[in-house]
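Step one of this worksheet: look at the structure below.
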There are 2 protein chains.
Amino acid sequence: MAALQRAIVTGEFSPGTKLSETDLAKRFGVSRGPLREAIRRLEIRRLLTVVPNVGARVVSLDNQQLVELFETREALEGQAARLAAERMSDQAIADLQGLLDRHAAVISAADGRAYYQEEGDYDFHYRIAHGSGNSLLAGILLDDLYQLLRMYRFRLSAAHGRAEQALLEHRQILAAISERDGPLAELLMRRHIARGRNRLAGQVEVDQE
Amino acid sequence: MAALQRAIVTGEFSPGTKLSETDLAKRFGVSRGPLREAIRRLEIRRLLTVVPNVGARVVSLDNQQLVELFETREALEGQAARLAAERMSDQAIADLQGLLDRHAAVISAADGRAYYQEEGDYDFHYRIAHGSGNSLLAGILLDDLYQLLRMYRFRLSAAHGRAEQALLEHRQILAAISERDGPLAELLMRRHIARGRNRLAGQVEVDQE
DNA sequence: GACTCACCTATTGTCAACAATCGTGGCTGA
DNA sequence: TCAGCCACGATTGTTGACAATAGGTGAGTC
């Protein structure tokens with residue numbers, strides 16, 4: 001069930017790949033019934049595109065669609081940061097501070113490369129989404145958009161030194177949250193994501209098929 | 001397929017209702033296989049809550065969850081309004097102006113009651129979402145959140161005179177879009193939705209079972 | 001040689017039967 | 001009388017087989 005989603009998100013199936021029901025059923029050792037249900041779920045989550053009587057393919061996002069993804073994240077994560085500033089517990093904020101400290105250690109050890117590309121960035125955003133105290137908002141971000149984003153992390157490869165920059169931005173956002181300044185937290189988060197979007201827009205198109 | 005979703009959204013099944021697979025299968029004249037796929041889809045769309053080995057129920061949102069819905073809409077529709085101000089065609093803006101004129105006619109004819117409760121409000125927000133030019137953003141709003149919202153329109157019953165107020169706010173938003181003022185359009189849209197949320201918060205709890 | 005049409009294969013869509021799990025009701029015992 | 005246990009019924013989860021549709025392939029014709 002979740003195994004299929006993981007296989008897609010982790011890039012085991014590259015974007016655009018045709019998914020045969022019978023093949024997948026054998027691969028995961030289940031019958032086609034449950035598998036079709038899993039496919040429907042991933043279709044709604046926008047990880048697969050299904051055309052009737054033809055089959056399912058792993059979504060293949062062009063740069064335009066990635067820009068759309070970032071625009072949507074900008075709105076939702078901005079709101080999440082604002083709400084987190086109002087609602088996150090002092091304990092959760094302290095924990096998040098600890099997380100960023102660990103990230104800093106990783107960065108200096110790995111010379112800046114690892115942080116942004118790897119799960120560290122997701123960790124931070126993950127906690128902010130949860131910290132919003134809004135389970136609907138958090139659900140849309142974590143269950144839908146982040147899964148989509150992870151498929152394309154390879155294309156969002158960080159420029160050298162981007163890791164330190166990202167960490168700095170994370171620290172600024174957390175500082176705003178810590179001071180319970182909702183509007184500032186929202187503004188900083190939106191900028192943080194907009195930077196990612198701009199980096200994307202300036203990138204050469206890399207179409208695969 | 002879509003018939004089940006329509007039946008739920010239109011309130012044919014009231015919130016909290018237990019949905020039996022066999023009953024629904026007979027009702028819609030299909031087998032349990034396709035029906036289960038439909039259930040999974042509606043589960044992801046958050047219209048049904050499914051607990052394993054027990055069954056599916058129509059979601060039953062308490063006021064807290066409705067507040068979450070409005071908070072999420074606020075972020076997404078605000079962004080949609082901002083983008084619409086940048087991207088909507090002059091033609092689409094003119095059409096939307098015509099829609100609001102027709103709404104005004106309906107209001108004066110029906111003495112203000114019909115507009116806000118009925119589909120008129122959705123029409124406006126629907127077009128803004130589309131006007132954003134962001135199909136992901138529009139999809140989340142139209143396919144997920146609005147369906148959820150429509151289930152609870154009865155609880156959001158407008159106070160007398162709210163229809164005129166809503167129409168006025170719609171006109172202000174459209175004016176900002178027409179002047180290509182993205183930030184203003186976002187601000188006004190967020191306020192427009194926040195008013196709905198505040199009305200909700202001040203409302204007595206009406207739990208159904 | 002290129003185009004058209006019919007067939008054929010492979011894949012998706014659907015169905016009815018079987019297995020597994022949960023909730024309920026009644027029974028038993030203290 | 002009430003608590004706990006057991007068995008039964010009902011509902012969900014799963015499976016394999018059958019039907020329908022799409023795309024490719026080959027022969028035939030212009």
Side-chain angles (χ1 to χ4, degrees), chain A residues 1-9 11-62 139 143-144 147-148 151 207-209, chain B residues 1-9 11-62 139 143-144 147-148 151 207-209:
Chain A
M1 295 289 158
L4 175 59
Q5 174 162 349
R6 229 192 45 239
I8 291 173
V9 167
E12 193 164 341
F13 299 107
S14 53
T17 307
K18 173 86 160 37
L19 297 179
S20 161
E21 291 186 0
T22 52
D23 288 354
L24 288 179
K26 278 195 305 182
R27 194 173 199 284
F28 290 102
V30 295
S31 182
R32 279 182 54 218
L35 188 106
R36 282 175 64 90
E37 294 183 11
I39 287 179
R40 290 298 170 278
R41 281 175 25 184
L42 296 182
E43 179 192 4
I44 296 295
R45 291 236 164 101
R46 301 164 217 275
L47 293 177
L48 298 180
T49 58
V50 173
V51 305
N53 285 310
V54 171
R57 308 184 83 90
V58 180
V59 288
S60 179
L61 299 183
D62 54 30
D143 298 336
D144 300 349
Q147 306 307 315
L148 211 50
M151 286 182 55
D207 272 339
Q208 68 283 340
E209 170 51 17
Chain B
M1 298 293 155
L4 175 59
Q5 174 162 350
R6 228 192 46 238
I8 291 173
V9 168
E12 192 165 342
F13 299 107
S14 54
T17 305
K18 172 85 159 44
L19 296 180
S20 161
E21 292 185 359
T22 53
D23 288 354
L24 288 179
K26 278 195 307 182
R27 194 174 199 283
F28 291 102
V30 295
S31 181
R32 280 181 53 220
L35 189 105
R36 281 175 63 90
E37 294 183 12
I39 287 180
R40 290 298 170 278
R41 282 175 21 185
L42 296 181
E43 180 192 4
I44 297 294
R45 291 232 164 105
R46 300 164 218 276
L47 294 177
L48 298 179
T49 59
V50 174
V51 305
N53 285 310
V54 171
R57 306 185 85 89
V58 180
V59 288
S60 179
L61 299 184
D62 54 29
D143 298 336
D144 301 348
Q147 306 305 316
L148 210 50
M151 286 182 55
D207 271 337
Q208 67 281 342
E209 172 58 16

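Below, chain A is the first sequence line, B the second, and so on; all start at residue 1. This is a predicted model, so every value here is computed, not measured.
A sub-4.0 Å separation between OP1 or OP2 of D/dT12 and a side-chain N or O of B/Arg36 is absent. Side-chain nitrogen and oxygen atoms of B/Arg57 include none within less than 4.0 Å of the OP1 or OP2 phosphate oxygen of D/dT12. Listed pair B/Arg40 / D/dT12 fails the phosphate criterion, with no side-chain N or O lying under 4.0 Å from OP1 or OP2.
In terms of the side chain to side chain contact (heavy atoms under 4.5 Å, CB included) criterion, residue partners of B/Ile44 (sequence neighbours excluded) are, by chain and number, A/Arg41, A/Ile44, A/Arg45. Considering only residues two or more places apart in sequence or on other chains, B/Glu37 meets the side-chain hydrogen bond (donor to acceptor under 3.5 Å, both in side chains) condition with A/Arg36, A/Arg40. Residues passing the side-chain hydrogen bond (donor to acceptor under 3.5 Å, both in side chains) test with B/Thr22, sequence neighbours excluded: B/Ser20.
Between the CG atom of B/Leu19 and the P atom of D/dT11 there is a distance of 13 Å, given to the nearest Å. Atom CG of A/Leu48 and atom P of C/dT12 are 12 Å apart (whole Å). Taking atom CD on A/Glu21 and atom C1' on D/dT21, their separation rounds to 13 Å, with Å as the unit. Taking atom CG on B/Leu24 and atom C1' on C/dT14, their separation rounds to 17 Å, with Å as the unit. When rounded to the nearest whole Å, the span between CD of A/Glu37 and P of D/dT15 equals 11 Å. We find that CD of A/Glu43 is positioned 13 Å from P of C/dT12, with the value rounded to whole Å. In this structure, B/Leu35 places its CG atom 12 Å from C1' of D/dT12, rounding to the nearest Å.
With a 6.0 Å radius and a threshold of 12 heavy atoms from other residues, nucleotides or ligands, A/Lys26 has its NZ atom at or below the threshold.
Both A/Pro52 and B/Thr22 lie close to DNA chain D; mapped to their nearest nucleotides by heavy-atom distance, the more 5′-ward contact belongs to B/Thr22.
Taking both residues in full, the closest heavy atoms of A/Arg32 and A/Ala25 are given as CG-CB, 4.1 Å, listed atom of the first, atom of the second, then distance. The minimum heavy-atom distance between A/Gly16 and A/Ser60, with the atom names listed, is N-CB, 4.1 Å.
The end-to-end axis angle of the helix from C/dG1-D/dC30 to C/dA30-D/dT1, rounded to 10 degrees and based on five pairs per end, is 10°.
Using a 4.0 Å heavy-atom distance criterion, B/Ile39 is classed as making no nucleic acid contact.
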Quiz: residues 46-56 of chain A side-chain donor-acceptor pairs under 3.5 angstrom, not counting sequence neighbours:
none

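Relative to the side chain of B/Lys18, the nucleotides D/dA22, C/dT14, D/dT12 differ in distance, and D/dT12 lies closest.
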Report, one pair per line, the protein and nucleotides 15-21 of chain C atoms (nitrogen or oxygen only) whose separation is under 3.5 Å.
{"from": "C/dC15", "atom 1": "OP2", "to": "B/Ser31", "atom 2": "N", "distance (Å)": "2.9"}

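When side chains are defined from C-beta on, A/Lys18 does not count as touching A/Val58, because their heavy atoms never get closer than 4.5 Å. Residues B/Leu24 and B/Phe13 meet the side-chain proximity criterion, which asks for heavy atoms closer than 4.5 Å.
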